[in-house]
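No hydrogens, no waters, no symmetry mates; every other heavy atom, side chains included, goes into these values. We count ligands from 1, going down the list as the structure has it; atoms in each ligand are counted the same way. Nothing here was measured: the structure is a model prediction, and the numbers come from that model.
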Amino acid sequence: MTNWDYSAFWNEAMSQLKAKLGEHEFGLWFNISYESATEGTITVGVPSTFYRDQLVKNYQRVIESMLLDLSGKRLTLDFVVVRREVQLPDAVPDFMDEATNSPPETVRQAPPPRTELDRGKHPQLRLDFVFENFVIGENNSFAANAALAIASNPGTAYNPFLIYGGVGLGKTHLMQSIGNRVWRTKETARIICITAEEFTNEFIQSIHDKTAQAFKNKYRYVDVLLIDDIHFFQDKKGVQEELFYTFNALYDAGKQMVFTCDRPVSELKNLNDRLRSRFERGLNVDLQPPNFETRMAILRKKTEAWSFKVPVEAVEIIAKNISSNVRDLEAALGKLVAYAQLVGKEITLDVARQQLKDVFSQPRQGNVTVDTIIRTVSDQFKVSYNDLKGKKRTRNIAFPRQVAMYIAREITEFSTTELGLEFGGRDHTTVMHACQKVDEKLKLDPSLEATIQKLIGAVKELSTRS
Ligand code: ADP
Ligand code: MG
């Protein structure tokens, strides 16, 4: 078959499209290349099936009609996946280690913003949840690139932006990175970052206190609203209604919304249809578990700022054995380091094997009950089960109780409200407070980390037996 050359028309169509869509939107989607052509078809290379599906859905017709105008011919686009690096509008140096095979898709990040503002820390955003600490691999490159584009131009192209995926895959990290970037680059931006659970509790409280108007005003006049874990809204009619109005107000005003969810929106149950369709607007992207190279890169990134060395064999054995999610990956590294510091030993492959053998053999998702946690913790601290659930607030009981709450929060999917009930009918704020306390203590006392990891191991062990 003869080869036809439509590349001039193609290039012209691309430059018109770029002018029409703007640098950012164009940069995000059009990492595509003219590959070849036959009489009626242009073959276009795209970086992944995800891009292909999105391009077919959103842009194919526009491009084909531009080509018709330009060439006077009806040309059909045929997208094929070709693996190569994604070019970002704001490309920066690679951070992947040369020794590891870099993932086939993007390994680039936008440079830190040119003008960093000194606004201090945003009260609701974690300082470490920034793009600079987020490793991009093929499992998350689309989501990460979209997040970067949104952070430089909030409220324009993708509204809302919804990130979904299983636990510990970086949803919260990515969402907060958008918040932190906007916080550091836009002087007047008002940003709220909240979990769906906190939003719900605050909403209920506002009705109780008759301050509903203040609640509405607070959420309807922000520039960026970040809501984490929206699966929590399932079954909660009242707050869904409120969020629907908040959504509309922000959407109409061109304010950016970002949500995270543990599953695709279509799988949420007992959700108001109008709200569901709002969530599905804009851009929904998923995060997948990282592959081996990306897991290595994540662990390397974590250790690179440390003064002591974790040898590459130890990092490798962790990356090999833990593949389900990043949180477990980090926990294993944390456990190893806590042990080494505690006993003043150098980390070697053998030490890593020995210390992590339980972690490696554990099934990741057991049927952990709060009861098992309370029993295990009360055994360890030699206090009674009833005291842990009861009202006493003496230090020897209050501290183990906080630890139990912390562990429950870490390894179960219960909300703080549900946990409060499990712990003798306490308020959700008590549980939140307990977790904060333990977090603070963990920073001061490295041996606590080892204790907690040991307890978690014991709880998981008991849970798989029953
Ligand atoms: P999720 O909200 O999906 O449950 P998180 O955002 O809390 O997960 O991430 C869990 C942990 O893993 C966090 O400490 C986060 O910093 C880390 N993490 C996840 N993905 C990455 C990544 N791509 N690069 C670096 N760290 C990551
Ligand atoms: Mg999260």
Nearest heavy-atom neighbours spanning F134 and A144: CE2-CB, 4.1 Å

State whether F129 and R126 meet the cation-pi test: NZ (Lys) or CZ (Arg) under 6.0 Å from the six-membered ring centroid, and within 45° of the perpendicular axis. yes

Kindly print each ligand 1 N/O atom paired with any protein N/O atom under 3.5 angstrom away, one pair per line, or none if nothing qualifies.
from     : atom 1 : to   : atom 2 : distance (Å)
ligand 1 : 2 (O)  : T172 : N      : 2.9
ligand 1 : 2 (O)  : T172 : OG1    : 2.7
ligand 1 : 3 (O)  : L169 : N      : 3.2
ligand 1 : 3 (O)  : G170 : N      : 3.1
ligand 1 : 3 (O)  : K171 : N      : 2.8
ligand 1 : 3 (O)  : K171 : NZ     : 2.8
ligand 1 : 4 (O)  : G168 : N      : 2.7
ligand 1 : 4 (O)  : R327 : NH2    : 3.0
ligand 1 : 6 (O)  : K171 : N      : 3.4
ligand 1 : 6 (O)  : T172 : N      : 3.1
ligand 1 : 6 (O)  : H173 : N      : 2.8
ligand 1 : 7 (O)  : R327 : NH2    : 2.9
ligand 1 : 8 (O)  : G170 : N      : 3.1
ligand 1 : 8 (O)  : R327 : NH2    : 3.4
ligand 1 : 14 (O) : E330 : OE1    : 2.7
ligand 1 : 16 (O) : H173 : ND1    : 2.7
ligand 1 : 23 (N) : V135 : O      : 2.8
ligand 1 : 23 (N) : N140 : ND2    : 3.4
ligand 1 : 24 (N) : V135 : N      : 2.9

Run the ring-ring contact (aromatic ring centres under 6.0 Å, His included) test on F199 and F203 for me, step by step, so that the C-alpha distance in whole Å, both residues' side-chain angles and the decisive distance to 0.1 Å come before the verdict. CA-CA 6 Å; F199 185 87; F203 170 65; 7.2 Å; no

Determine, for R300 against E293, whether the closest basic-nitrogen to carboxylate-oxygen distance falls under 4.0 angstrom. no

Is K121 atom NZ crowded by more than 12 heavy atoms from other residues, nucleotides or ligands, each under 6.0 Å away? yes

Cationic tip of R52 within the cone over F79's six-membered ring, i.e. under 6.0 Å and within 45° of the normal? no

Derivation of the salt bridge (Lys or Arg N to Asp or Glu O under 4.0 Å) call for E132 and R181: CA-CA 10 Å; E132 290 77 1; R181 178 64 60 87; 3.4 Å; yes

Can you sort out the partners of Q355 under side chain to side chain donor-acceptor pair (under 3.5 Å), two or more places apart, ordered by chain and number? none

2.8 Å shell around the Mg ion (ligand 2), exclusive bound, protein N/O/S atoms: 1

Looking at residues at least two apart in the chain, or sitting in another chain, which of them share a side chain to side chain donor-acceptor pair (under 3.5 Å) with T172? D228

